[in-house]
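Report on the structure given below.
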Protein chains: 2
Amino acid sequence: MNTIKQLGNIAIGTRLRMLTDKFISDADKIYKTLDVDFEPRLFTVFYLINQKKSITITELAEQLGYTQPAVTQIANTLISKKLISAVKEKKDSRKKILTITKKGDELLLELIPVWQDIENSVKELIHETGYDVLFVLSKLESVLEKKDIFTRVMEKTKKRQIAEVRIFEYSNNSPGDARFKKELDKNFRDINYEWIKKYFKVEKEDRKQLENPGKEIIENGGVIFFAEYKDMIAGTAALLKKENNSYELAKMAVRDEVQGKQIGKKLGIAVIEKAKRLKCNNLYLETNATLTPAINLYKSIGFEEAEMKDPSKYERATFRMNYNFNKKLSEI
Amino acid sequence: MNTIKQLGNIAIGTRLRMLTDKFISDADKIYKTLDVDFEPRLFTVFYLINQKKSITITELAEQLGYTQPAVTQIANTLISKKLISAVKEKKDSRKKILTITKKGDELLLELIPVWQDIENSVKELIHETGYDVLFVLSKLESVLEKKDIFTRVMEKTKKRQIAEVRIFEYSNNSPGDARFKKELDKNFRDINYEWIKKYFKVEKEDRKQLENPGKEIIENGGVIFFAEYKDMIAGTAALLKKENNSYELAKMAVRDEVQGKQIGKKLGIAVIEKAKRLKCNNLYLETNATLTPAINLYKSIGFEEAEMKDPSKYERATFRMNYNFNKKLSEI
DNA sequence: TTAATTTGCATAAGTGCTTATATAAAGATA
DNA sequence: TATCTTTATATAAGCACTTATGCAAATTAA
């Protein structure tokens, strides 16, 4: 039974469950031994009804942190034991007002000294630990409320995953054998066709760039970026050279099965950095106004909504964004 | 939800349960979100099988503090997911040896980083509380192991109940009206008949004393003691005067429905103290050797087994005890 | 060496919560 | 004022354990 301690922090749930079970089963044994017709699970509800004199199901659930069905079930048990009674509220007949019955009051006379003994026993126990255990529990509750384990783990996982994503570029200057380049071309094509088909239709300009990226993008002075994640090409982006040191961010796509790993963001940042190194003074992109998540991503890396001046080569392009070179990047 | 805190020590079980639920459900959410085919409840068992490489159901149950059926169920789930495999031990075919499968090893590769993130998140959480929460839990566990809540409450309840028992005597010197004395006589008779009939048969000597205690006991220089508990006469004892400052403790009986409240002990002590005040130098009692609980009670208040010299007036009396006036009473 | 006891595991049923969903009354909106 | 949404409670089913019990293999006692 000591092994559980060695599992460390991760087994805290199991250890708490064991302590919980011990407390609850001891309480149960106490009622049984003292021949009091009561159960531990009824305690909080019965206690609070007595304290508040009259209270509804939902109010109890809120104040005790139970779910409503839990309170309904406990209340029904108390009603069947004739310890409380329920009446509908006059003004709002959905509400059920619970009050202690005469039999409940009589049972309370028996219960109160037992509760007092339990209270004192727990107090004594806690004192022997040398810690203000209840305060520690409060701390744990409040720290957990600020940021729970799920959120913490997600943050860590995201960071870990981002770290596992490797971005590399493919341009006229990149070395590499032909077979590898062919494989990359295929990935560039497939990943982009996949996402375009999902929301829109493939247009002539798409086909031109995707079928022959070497000629249409690289030879025109552009760069293609790939995101590699766990031995697979997970996403792409292209930096297209335009006139007068202008560049366009285009063909940015991430495979469906690796969404949510910040791959798009990492690609976008790589594109921006490359553009800066190329002395670009005008970086823009075109997208569709309905693609809110994408637009938010672009905003998060420094793009700002701009006027849609000239008609685009793409039917789907209804929204233009310019990169703001002066804005300091918020932390990524 | 803050109300639960105000319930104080007694609601510690409920508070622990809530924390437990939060940890477990967060872990569940993490596996689901990361699309890992695993469940929190499988963790400890799967982890330990991996650590020990091969282990049986019962060993797991012992080391984890789970019941054997719990481990059987978890193991079966792991087997159905093909994460572990079970083979019978050659030497003892009752034993089932569990080991991780290839698929289990593959899942572990996915799980370990997640577990690491959980581990770190809990560590971070605990650090933010400012307390060594796991150490506090250990303390709680060890203090609880030394003496659990049930035992503590029982001790307190016993003390409380003893305090509620009032012993009073009824002798030639006692004041009181006739009706009250008649009522006491009836109680003395009924309580004793009740217990005698339960184990033995009522004998002539019983009838003589019980039907006419005033004449047979009081007028002979004896004293009758009553224990009053919650407005009822709960037990009786008599101190019978014999020749040469000898006294006999007899007719000690406690109603069945108030057994276990130390009433007999309290009566016995009252009898002994009275005997001392009467300058008694030889206090004895006769009982039956089969009545072990009664004999233990007598021992606990200072009686010692003695030789059964003269044949008793009672058929059932097979065991004689003398009070040791020199022995210091152990704490009561 | 047989019979009785102990041990290891399986199975069934219970417990005390949960989530998901239904239902009816009340309140908001058009 | 009819409809749509929200709120209060009920009901059903699930979950992760528990206790109780059964069964067969192993061990101990006679």
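Just so it is clear, the values below take in all heavy atoms, side chains as well, and ignore hydrogens, waters and symmetry mates.
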B/Pro69 side-chain proximity, nearest of D/dC17, C/dT19, D/dA20: D/dA20
Examine B/Phe38 together with B/Phe46 and report whether their ring centres are nearer than 6.0 Å. yes
Is it the case that the base of C/dA10 and the side chain of B/Gln68 share a donor-acceptor contact (distance under 3.5 Å, atom types as modelled)? yes
Salt bridge B/Glu194-B/Lys198, side-chain N to carboxylate O under 4.0 Å: no
Nearest-angstrom distance from the residue atom CD1 of A/Ile79 to P of D/dT11: 11 Å
Salt-bridge contact A/Glu141-B/Arg15 (side-chain N to carboxylate O under 4.0 Å): yes
Taking the basic N atoms (NZ, or NE/NH1/NH2) and the acidic carboxylate oxygens, is any pair closer than 4.0 Å for B/Arg152 and B/Asp148? no
Members of residues 20-53 of chain A that approach DNA chain D, where some heavy atom sits under 4.0 Å away: none
Quiz question: going by heavy-atom distance under 3.5 Å, is there a donor-acceptor pair between the base of D/dT11 and the side chain of A/Gln73? no
Tell me: CG of B/Leu64 to C1' of D/dT18, nearest whole Å? 16 Å
Between P on C/dA12 and CG on B/Asn76, what's the gap in Å once rounded to a whole number? 12 Å
Consider the side chain of B/Thr72, meaning its heavy atoms from C-beta on, and name the nucleotide among D/dT9, C/dT11, C/dA20 that approaches it most closely. C/dT11
Within a reach of under 6.0 Å around CG of A/Asn296, are more than 12 heavy atoms found that belong to other residues, nucleotides or ligands? yes
Between residues 88-98 of chain A and DNA chain D, which residues have a heavy-atom gap below 4.0 Å? A/Arg94, A/Lys95, A/Lys96
Crowded around A/Asp37 CG? As in, over 12 foreign heavy atoms under 6.0 Å? no
Can you tell me if A/Gln63 uses its side chain to pair, donor with acceptor, with the backbone of A/Leu60 under 3.5 Å? no
B/Lys156 bridged to A/Glu124 by N-O distance under 4.0 Å: yes
Between C/dG8 (P) and B/Glu59 (CD): distance, integer Å: 9 Å
Is the shortest side-chain N to carboxylate O distance from A/Arg41 to A/Glu39 below 4.0 Å? yes
Would you say B/Thr67 places a side-chain N or O within less than 4.0 Å of OP1 or OP2 belonging to D/dC17? no
